[in-house]
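What follows is a set of notes on a single structure, which appears directly below.
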2 protein chains.
Amino acid sequence: MARTGGPAREGAATALGRLDLAVDRGSPVPLYHQLAQQLEAAIERGRLAPGDLLGNEVDLSVRLGLSRPTVRQAIQSLVDKGLLVRRRGVGTQVVHSKVRRPLKLSSLYDDLEAAGQAPTTEVVRNEPVPASPEVAAALGVAEHSEVILLERLRRTHGQPVALLCNYLPPGLLELDDARLATTGLYRMMRAAGLTLHSARQTVGARSATAAEAARLDEQEGAALLTMQRTAYDDTGRPVEYGTHLYRASRYAFDFQLLVRG
Amino acid sequence: MARTGGPAREGAATALGRLDLAVDRGSPVPLYHQLAQQLEAAIERGRLAPGDLLGNEVDLSVRLGLSRPTVRQAIQSLVDKGLLVRRRGVGTQVVHSKVRRPLKLSSLYDDLEAAGQAPTTEVVRNEPVPASPEVAAALGVAEHSEVILLERLRRTHGQPVALLCNYLPPGLLELDDARLATTGLYRMMRAAGLTLHSARQTVGARSATAAEAARLDEQEGAALLTMQRTAYDDTGRPVEYGTHLYRASRYAFDFQLLVRG
DNA sequence: AAGTGGTCTAGACCACTTT
DNA sequence: AAGTGGTCTAGACCACTTG
């Protein structure tokens, strides 16, 4: 009796009713991931507007023919991305702001290329050197043991953007100058099967020395942005230590942070 | 028959065997969280060393009297934190490096206090002002509408560290000068029931103007670290827009990044 | 009181890695 | 072939929020 009233509200009360969601059980893509992608696409296209309620998880699981844990896993992944908010006793909502891309381990080359800046790289040095105490500590190798020093000058539109100095454990990667000139270090690492997993970065500022100013086409004493970074692979082993100098007039770091739950 | 050989290996082959794990079902703390905390503590104290295998999830769930999904949820939370690595067909290992704290939405006050720097704050301005186009866009309010301007000078050991300029939507928070002098803005927000959830930051550098140099006890033209940040609450509404200036000689940003899976 | 998300269980089958 | 994590199910009960 009470049930007969149900279908009338179904699909009308919640924003999700307007969407045609469906999963493909023959696909190798996990069901929860398929659902997450469809929800994300709907948010991206504005079919789910900020503040919209998703409708409860049980109904959604019945409608899709999935179990509730599977639906929850999909929703959780979007909550982790900052696209959805859950409130107990209330429901799941699309967040109000256009907060999108969370922080990623960024590659300067990729960032510039994505911005349509057509970066070029000049390899200044590429040779084995003995590890200084600082480098040895960062890479977890013995002092004075051999590491690879890579020094590069990056330009866009012919103008210098950054002076990049990197140290790598020996034997990790084939560092071909020709390839370095046309791609980024992180891209070469990924291509070599290395999975970058985490990094520790320190960002600061200081005035340019005469030599640095000459390289970067700045005035001596100009404000430069500095970054030191140690990157680790998925087992936590250091794969790279770098000291970078950026022209503050041409570059700034852009971060999207999510508070961890 | 084959079972009799089991107990001999149990607790010996895996590093987990050395730990006395147990959950309290009477506690209001979720079981998966209790387990995650105990594992994290074991890693922190070195009882689980980098590279150690945790042993398979089924054994662990039997030993703790939990279901496998619950054990998985605990392990997953530590994987998300970057403390553990899973490999299909291999097992779950403690990460090799000492990678710890992931990135958080940091508060300068809390950071300085945690570093034992005993920060103090001088409130320079605290008054309603009409929103500039830049501020209006960041906070999602109408141009020229009223917002709160908060300008503070932060010192440690009597020396200036940063000049903080913040804009807040009206009516969001009671900004008492006396409290501002003894705590941080984010702490006041949390105390007022605001849940900070995400932020967008831009970090750059530039040379100090004469006025800024005077405030910060630097030379004119000294390199300063700049940050602009818009912070959002858990529904995605902007709650704060700030423009900060840091003395590069006394402050740098430290980030721990995890590549999102 | 009703509805929501939060947590938990006891299984099942699959994909991948190693032996 | 054996062992591991990856995915998925069909329930259950609890805690919180709202009317």
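Every chain is numbered from 1 and lettered A, B, ... according to where its sequence line falls, protein lines coming before strand lines. What you see is a predicted model, and the numbers here were worked out from it, not measured in a lab.
- As a whole-Å value, the separation of A:Leu78 CG from C:dG5 P is 14 Å.
- In this structure, CZ of B:Arg68 is placed 12 Å from C1' of D:dG3, rounded to the nearest angstrom.
- Within residues 28-35 of chain A, the residues that have a heavy atom under 4.0 Å from DNA chain D are, in order of number, A:Pro30, A:Leu31, A:Tyr32.
- Atom pair A:Leu66:CG and D:dG11:C1' shows a separation of 16 Å (rounding to whole Å applied).
- Two residues are said to be in side-chain contact when any heavy atoms from C-beta on lie closer than 4.5 Å; B:Tyr167 and B:Ile148 fail this criterion.
- Within the structure, a side-chain polar atom (N or O) of A:Arg25 is placed less than 4.0 Å from OP1 or OP2 of D:dT9.
- Computed from coordinates, the A:Leu60 CG to D:dT9 P distance equals 12 Å when rounded to whole Å.
- When the P atom of D:dT4 is taken as reference, atom CZ of B:Arg88 falls 15 Å away, rounded to whole Å.
- With 3.5 Å as the limit, one finds no donor-acceptor pair spanning the side chains of B:Glu240 and B:Tyr232.
- As a whole-Å value, the separation of B:Leu53 CG from D:dG3 C1' is 12 Å.
- Shown here, D:dA10 forms a base pair with C:dT9; the pair counts as Watson-Crick or G-U wobble because both key distances fall under 3.5 Å.
- Salt-bridge check for A:Glu174 with A:Arg179: failed, with every basic side-chain N at 4.0 Å or more from each acidic carboxylate O.
- Side-chain atoms of B:Thr202 and A:Asp254 form a donor-acceptor pair, as typed in the model, at a separation below 3.5 Å.
- Under 4.0 angstrom from either OP1 or OP2 of C:dT4 there lies no side-chain N or O belonging to A:Arg86.
- In this structure, B:Arg72 atom CZ and C:dC13 atom C1' are separated by 14 Å, rounded to whole Å.
- Comparing D:dT9, C:dG5, C:dA10 by their nearest atom to the side chain of B:Ser67 picks out C:dA10.
- Going from atom CD of A:Gln73 over to atom P of D:dC8 covers 7 Å, rounded to whole Å.
- A donor atom on one side chain and an acceptor atom on the other are found under 3.5 Å apart for B:Gln76 and B:Arg86.
- For the pair A:Asn166 (side chain) and A:Leu149 (backbone), a donor-acceptor distance under 3.5 Å is absent.
- Checking the phosphate oxygens (OP1, OP2) of D:dG5, a side-chain nitrogen or oxygen of B:Thr92 falls inside 4.0 Å.
- The side chain of A:Asn56 contributes no N or O atom lying less than 4.0 Å from OP1 or OP2 of C:dG3.
- A salt bridge is defined here as a Lys NZ or Arg NE, NH1 or NH2 lying under 4.0 Å from an Asp or Glu carboxylate O, and A:Glu113 with A:Arg187 meets this definition.
- Base-pair partner of D:dG3: C:dC16 (Watson-Crick or G-U wobble, both distances under 3.5 Å).
- At least one side-chain nitrogen or oxygen of B:Thr70 sits closer than 4.0 Å to the OP1 or OP2 atom of C:dT9.
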